[in-house]
Amino acid sequence: MLHIAVASGKGGTGKTTIATSLAQVLPIGKTLLVDCDVEAPNAHLFINPIFTATKEVTKNIPVVDKSLCDYCGLCSDACKFNAISVIKQSFSSNQNILVFPNLCHACGVCSYICPQNAISEKPEKIGKLSKGSSVDGLDFANGELDIGAPDAAPVIHALKKWVLRGNSHYDTIILDSPPGASCSVVETIRGADFVLLVTEPTPFGLHDLRIAIKLIKDLNLPAGIIVNRDGIGNNDVDKLGKEEKIPILLRIPMEREIASALSTGKTLVSAFPKFQAAFKNMFQEINEIYRKANKVGK
């Protein structure tokens, strides 16, 4: 099974354009497309799946029984995220303990360390997962972070765990990553076999591509570059690819017809079948690079 993450250093470069089209040229029933951009999922707009299963994502939030708490402060000292605070007033007998759910990472250390067993945990909903398939049979899944929930990474982790468990019949899993190089991106590409870095030949695209390359090198992952909107800007992306020894696997030209088709909800390969061969060839190159990297690693 080959896990391919589609990532970029910035938003709007065309990650979803690449992820959806790559998934559509691969064998039906053997390919799973997962939209991990849980803060702004949009791959479903192009795939139009019929969802057949959903699941809530929760995290455990500490609840303090103040009748048992002696305000020793051990929980507050142990919390590295300042999600629980004990207020002591030396000039008064008034004491209090406050929990800040938005700061909580649900690690459980506060309830574990409490000597009075005054802290328990309750689940709090932070997102939703959905899975199904398109009318032409492409298997698809996505996650959606609840409005106001502060951390996307737990939803992405739950999404990957949910859809990958017991699904060994897939040959290829494509992960459409959030933009940038944050914790949610790291969570998405963690465990991937290959990363496709989508960029555009602009100063902003080049700057953020450098950040993305540093991330995948820190994680020791093989990668390739896709240049979207090719034809604008300059050839600095090509130079960077040569410097970092990361090949450019595909170029999508800057054409009004492409932008117009994508704006109507069509995928690149469905609107322009001429790109199907290019995506299939790119997939073969990915397999070759992965095999070589894996052989060197052994």
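Keep in mind that the numbers below use all heavy atoms, side chains included, and drop hydrogens, waters and symmetry copies. Nothing fancy with the numbering, it's 1 onward along the sequence. On a predicted model such as this, the values are computed, not experimentally measured, just so you know.
Between D230 and R251 there is a salt bridge, since a side-chain N of the basic residue sits under 4.0 Å from a carboxylate O of the acidic one. Between R229 and E255 there is no salt bridge, since no side-chain nitrogen of the basic residue lies less than 4.0 Å from a carboxylate oxygen of the acidic one. Between K214 and D218 there is a salt bridge, since a side-chain N of the basic residue sits under 4.0 Å from a carboxylate O of the acidic one.
In terms of heavy atoms, V269 sits closest to Q24 at CG2-OE1, 3.4 Å. Here the shortest heavy-atom pairing between A141 and V163 reads CB-CG1, 3.4 Å. Summarising the geometry of P27 relative to T31, their closest heavy-atom pair is O-OG1, 2.9 Å, with the distance given to 0.1 Å. When every heavy atom of C36 is checked against every heavy atom of T188, the shortest pair comes out as CB-OG1, 3.6 Å. Smallest separation of non-hydrogen atoms from N228 and G14: ND2-CA, 3.8 Å. When all heavy atoms of C75 and V86 are compared, the closest pair comes out as SG-CG2, 4.1 Å.
Taking 4.5 Å as the limit, every side-chain heavy atom of I126 sits out of range of all side-chain heavy atoms of T58. L197 has its side chain within reach of I213: a pair of non-hydrogen atoms, C-beta onward, lies under 4.5 Å apart. Contact check for L250 versus F279: side-chain heavy atoms found under the 4.5 Å cut-off. Inter-residue side-chain proximity for L262 and K266 is flagged as unmet; no heavy-atom pair is nearer than 4.5 Å. With a 4.5 Å cut-off on side-chain heavy atoms, K131 and F140 do not count as touching. You'll find the side chain of F194 stays beyond 4.5 Å of the side chain of H3, heavy atoms only. Between H44 and P49 the shortest side-chain heavy-atom distance falls below 4.5 Å. Two residues are said to be in side-chain contact when any heavy atoms from C-beta on lie closer than 4.5 Å; I189 and I216 meet this criterion.
Hydrophobic clustering (side-chain heavy atoms under 4.5 Å, transitive across Ile, Leu, Val, Met, Phe, Trp, Tyr) keeps L45 apart from I47. Note on V57 and L145: same hydrophobic cluster, where clusters join Ile, Leu, Val, Met, Phe, Trp and Tyr whose side-chain heavy atoms are under 4.5 Å apart, directly or indirectly. Both L221 and I248 are members of a single hydrophobic cluster when ILVMFWY side chains are connected at heavy-atom separations under 4.5 Å. When hydrophobic clusters are built by joining Ile, Leu, Val, Met, Phe, Trp and Tyr residues whose side-chain heavy atoms come closer than 4.5 Å, directly or via intermediates, F46 is not grouped with I173. In this structure, L206 is not a member of the same hydrophobic cluster as I252, with clusters built from ILVMFWY side-chain heavy atoms closer than 4.5 Å.
For the atom pair R210 CZ and T199 OG1, the distance stands at 10.5 Å (nearest 0.5 Å). Put simply, CG on L240 and CD1 on I225 are 6.0 Å apart, with the number rounded to the nearest 0.5 Å. Rounding to the nearest 0.5 angstrom, the gap separating the CG atom in D176 from the NZ atom in K15 is 4.5 Å. In this structure, L138 CG and N48 CG are separated by 11.0 Å, a value rounded to the nearest 0.5 Å. Distance check: L196 CG to S8 OG gives 11.5 Å after rounding to the nearest 0.5 Å. With values rounded to the nearest 0.5 angstrom, L215 atom CG is found 5.0 Å from L219 atom CG.
By the side chain to side chain donor-acceptor pair (under 3.5 Å) test, N287 is found to be paired with no residue, residues two or more places apart in sequence or in another chain being considered.
Shown are P62, C79, S85; of these, the side-chain contact (heavy atoms from CB on, under 4.5 Å) with F100 is made only by S85.
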- Task: Could you please spell out the steps behind the side chain to side chain contact (heavy atoms under 4.5 Å, CB included) verdict for I61 and K59?
- Result: CA-CA 6 Å; I61 301 298; K59 73 174 183 179; 3.4 Å; yes
- Task: Dump the intermediate steps for side chain to side chain contact (heavy atoms under 4.5 Å, CB included) on I286 and L249, then the final yes or no.
- Result: CA-CA 8 Å; I286 291 172; L249 301 180; 3.9 Å; yes
- Message: Determine whether K66 and N96 satisfy the following criterion, side chain to side chain donor-acceptor pair (under 3.5 Å), listing intermediate values before the conclusion.
- Response: CA-CA 8 Å; K66 294 183 179 180; N96 201 359; 2.8 Å; yes
- Task: Evaluate the side chain to side chain contact (heavy atoms under 4.5 Å, CB included) criterion for residues F275 and V25: first the C-alpha distance (whole Å), next the side-chain angles of each, then the deciding distance (0.1 Å), finally the verdict.
- Result: CA-CA 10 Å; F275 283 105; V25 302; over 6 Å; no
- For F283 and L2, run side chain to side chain contact (heavy atoms under 4.5 Å, CB included): C-alpha distance rounded to whole Å, both residues' side-chain angles, the deciding distance at 0.1 Å, then the answer. CA-CA 11 Å; F283 182 68; L2 185 65; 4.1 Å; yes
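Sorted by first and then second residue, the pairs that involve residues 135-152 and meet side chain to side chain donor-acceptor pair (under 3.5 Å), not counting sequence neighbours, are K125-D146, S134-D136, D139-Y170. Sequence neighbours left out, the pairs with a member in residues 179-190 that pass salt bridge (Lys or Arg N to Asp or Glu O under 4.0 Å) are E187-R190.
A side-chain donor-acceptor contact under 3.5 Å links T20 to the backbone of T17. Judged purely by atom type and a 3.5 angstrom limit, T16 has no side-chain atom pairing as donor or acceptor with the backbone of A43. Under the 3.5 Å distance criterion, the side-chain polar atoms of S263 are matched with a main-chain donor or acceptor of S260.
Side chains of T267 and S270: a donor on one and an acceptor on the other come within 3.5 Å.
Atom CZ of F51 sits in a crowded spot, with more than 12 heavy atoms from other residues, nucleotides or ligands closer than 6.0 Å.
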